[in-house]
Every structure is written in C-alpha cells, then in structure tokens.
Amino acid sequence: MSPLMGSPFAITDPLSAGRADGRSVARDRLRRTGAALYAAAALTQLGVLFAPDPDHSDHFGLAVIALACSLVALGLVVWRRPPVVVLHAVCPVGIAIATAGVAVAHPVALTSMFYLLPMTLAAYFLNRRAVLANIVLVALGYGLALAVFVDPVLRVASFVAVLSIVAVVSGVILALTERVSGLVQRLQDLAIYDPLTGALNRQPFNERLD
C-alpha cells in the first residue's frame with residue numbers, strides 16, 4: 001500500500017525518502033518545522049498586541065494564545081525524540097489554538113488565517129487521510145467558533161472563504177509533495193536498475209555481491 005494512502009500515522013518527507021534513516025529524519029524535520037511555525041505564530045500574536053488598537057479587550061486572550069504557541073515551540077525544541085503520536089498532535093493542537101484565536105479576537109479580521117500554519121505542516125509531512133482529518137477538525141473548530149463568538153452576518157461567508165482557502169492550499173502542497181515523492185522514487189529506481197535491461201547497475205550490484 002502506498003505510504004501516501006497507508007497508515008494515518010505515517011510521517012514522510014520526500015527529501016529524505018531515499019535514506020536508510022528516512023523515517024527518523026522526517027520526524028525530526030516535522031518537529032523542527034513545527035517549532036518554527038509555532039514560534040512564528042507567537043511572534044505574530046505579540047506583534048498584534050503592540051500594534052495600534054482602539055479596543056484592548058481581547059489583548060489578554062491573545063497574550064495567552066501567544067504564550068501557548070511559545071510553550072509548544074519550546075517543547076518541540078527541547079523534546080528531541082517525541083513519539084509519533086505527539087508529532088501527529090502538533091497539527092490538531094495548532095488548529096485548537098487557531099480556533100481559540102478566532103474566539104477571542106475582536107474583530108476576527110485575519111486571525112482565521114492561522115489555520116494555514118498547522119495545515120501546511122500536515123499537508124507536507126502527513127498522508128491524505130491525516131490531512132483530510134485535520135481539515136475536518138478545522139471545519140468543526142472554525143464552525144463552532146463562528147457560531148458562538150462571531151456576528152451572524154459574517155458567519156457563512158467567513159466559513160466558506162476560510163475553509164476554501166485552507167483546503168486549496170493544503171491540496172496544492174499535498175499534490176506537490178506526492179509529485180516530489182514519485183520523482184524521488186523514480187530516481188532511486190534508476191540508480192539501482194538499468195532502465196533497458198532491468199538488471200542491477202554497477203554500484204548496487206557490487207554492494208550485493210559483497
């Protein structure tokens with residue numbers, strides 16, 4: 001079964017697919033990339049706090065969200081070898097934090113675009129099943145936040161626009177990742193087997209002979 005459609009807990013990275021330690025490298029890159037994205041989210045939220053704003057009623061909530069992003073980023077930096085389940089939780093936690101941002105921000109403005117950060121991570125490192133599951137989480141979380149905390153006039157348009165953008169961006173990244181994975185696999189096959197005869201090339205032949 002293709003890893004792209006296999007276990008929902010698979011973590012892949014097309015740039016490390018040809019390495020013997022490819023799985024561990026993919027997990028480490030997800031960890032480091034996740035830490036960078038959470039740190040970027042925290043800095044962005046802190047920047048919002050210091051920007052001119054006539055309504056400071058949401059600043060405490062945004063500060064808590066910035067703190068949460070900072071703690072997750074720090075945890076991913078310090079915890080060098082987290083289990084696969086923890087790495088998979090990086091995206092849902094990001095979705096939950098983005099949902100909290102939508103709930104506390106007044107006005108919502110571009111806060112909902114923070115959903116793109118965990119979905120970008122999911123679309124690159126996870127397979128289709130996991131990406132779809134995370135998109136469903138975005139739809140549920142964002143829909144709930146809109147229903148409870150946002151003006152009814154803006155709910156439908158905001159939901160459709162944000163979910164469409166998240167789905168399209170995630171789909172494009174996933175498609176590109178799958179394409180790169182296919183090309184890497186093709187290069188590996190060409191490096192091992194002669195395309196005309198199907199026989200082993202010299203280097204892999206010598207390795208197996210040894």
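- Between Phe125 and Thr33, the closest side-chain pair of non-hydrogen atoms falls below 4.5 Å.
- A pairwise comparison of heavy atoms in Ala68 and Ile97 identifies CB-CD1, 4.3 Å as the closest pair.
- Here the straight-line distance linking atom CZ of Arg29 with atom CG of Leu87 works out to 14.5 Å at 0.5 Å rounding.
- Under the 4.5 Å side-chain heavy-atom criterion for Ile, Leu, Val, Met, Phe, Trp and Tyr, Val64 and Leu117 are members of distinct hydrophobic clusters.
- Taking CD of Gln45 as the start and OG of Ser70 as the end, the distance is 10.0 Å to the nearest 0.5 Å.
- Residues Ile135 and Val169 fall within the same hydrophobic cluster, defined by Ile, Leu, Val, Met, Phe, Trp and Tyr side chains chained together at heavy-atom separations under 4.5 Å.
- Of the possible polar contacts, one joining the Arg155 side chain to the Val150 backbone as a donor-acceptor pair under 3.5 Å is found.
- Within the structure, every pair that satisfies the salt bridge (Lys or Arg N to Asp or Glu O under 4.0 Å) test and touches residues 31-42, not counting sequence neighbours, is listed here: Asp28-Arg31, Asp28-Arg32.
- Transitive grouping of hydrophobic side chains (ILVMFWY, heavy atoms separated by less than 4.5 Å) brings Ile95 and Met113 into a common cluster.
- Cluster membership for Val86 and Leu137, using ILVMFWY side-chain heavy atoms within less than 4.5 angstrom, is not shared.
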- request: Check the pair Tyr115, Thr99 against side chain to side chain donor-acceptor pair (under 3.5 Å), reporting the backbone distance first and the verdict last.
  value: CA-CA 8 Å; Tyr115 284 117; Thr99 299; 2.7 Å; yes
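- Contact between Gly34 and Leu76 at its shortest, heavy atoms only, is C-CD1, 3.7 Å.
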For residues 158-167, run the donor-acceptor check on the side chains, cut-off 3.5 Å, and write out each pair with its distance to 0.1 Å, sequence neighbours left out.
residue	atom	partner	partner atom	Å
Ser158	OG	Leu154	O	2.7
Ser164	OG	Val160	O	2.6

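- Across every non-hydrogen atom of Ala10 and His88, the tightest pair is O-NE2, 3.8 Å.
- Between Arg179 and Leu183 there is a side-chain heavy-atom pair separated by less than 4.5 Å.
- In this structure, SG on Cys69 lies 10.5 Å from CG on Leu37, to the nearest 0.5 angstrom.
- Of the inter-residue distances, the one linking Leu62 atom CG with His106 atom NE2 reads 9.0 Å to the nearest 0.5 angstrom.
- With a 6.0 Å radius and a threshold of 12 heavy atoms from other residues, nucleotides or ligands, Leu110 has its CG atom at or below the threshold.
- With sequence neighbours left out, Asp151 forms a salt bridge (Lys or Arg N to Asp or Glu O under 4.0 Å) with no residue at all.
- Each of Trp79 and Val84 belongs to its own hydrophobic cluster when Ile, Leu, Val, Met, Phe, Trp and Tyr are linked at side-chain heavy-atom distances under 4.5 angstrom.
- Side-chain atoms of Tyr124 never come within 3.5 Å of backbone atoms of Thr12 as a donor-acceptor pair (strictly under, hydrogens ignored).
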message: Apply side chain to side chain contact (heavy atoms under 4.5 Å, CB included) to residues Leu126 and Leu30 and explain how you reach the verdict.
response: CA-CA 9 Å; Leu126 308 182; Leu30 189 156; 4.2 Å; yes
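- Enclosure of atom CZ in Arg23 is not indicated, since only 12 or fewer non-hydrogen atoms of other residues, nucleotides or ligands lie within 6.0 angstrom.
- In this structure, Pro14 and Ser181 approach most closely via the heavy-atom pair CB-OG, 3.4 Å.
- For the residue pair Ala130 and Asn134, the shortest heavy atom distance occurs at O-ND2, 2.8 Å.
- The minimum heavy-atom distance linking Val131 with Ala123 is given by the pair CG2-CA, 3.7 Å.
- Summarising the geometry, atom CG belonging to Leu116 is positioned 8.0 Å from atom CD1 belonging to Ile173; distances are rounded to the nearest 0.5 Å.
- Once rounded to the nearest 0.5 Å, the distance linking CG of Leu121 with OH of Tyr38 reads 8.0 Å.
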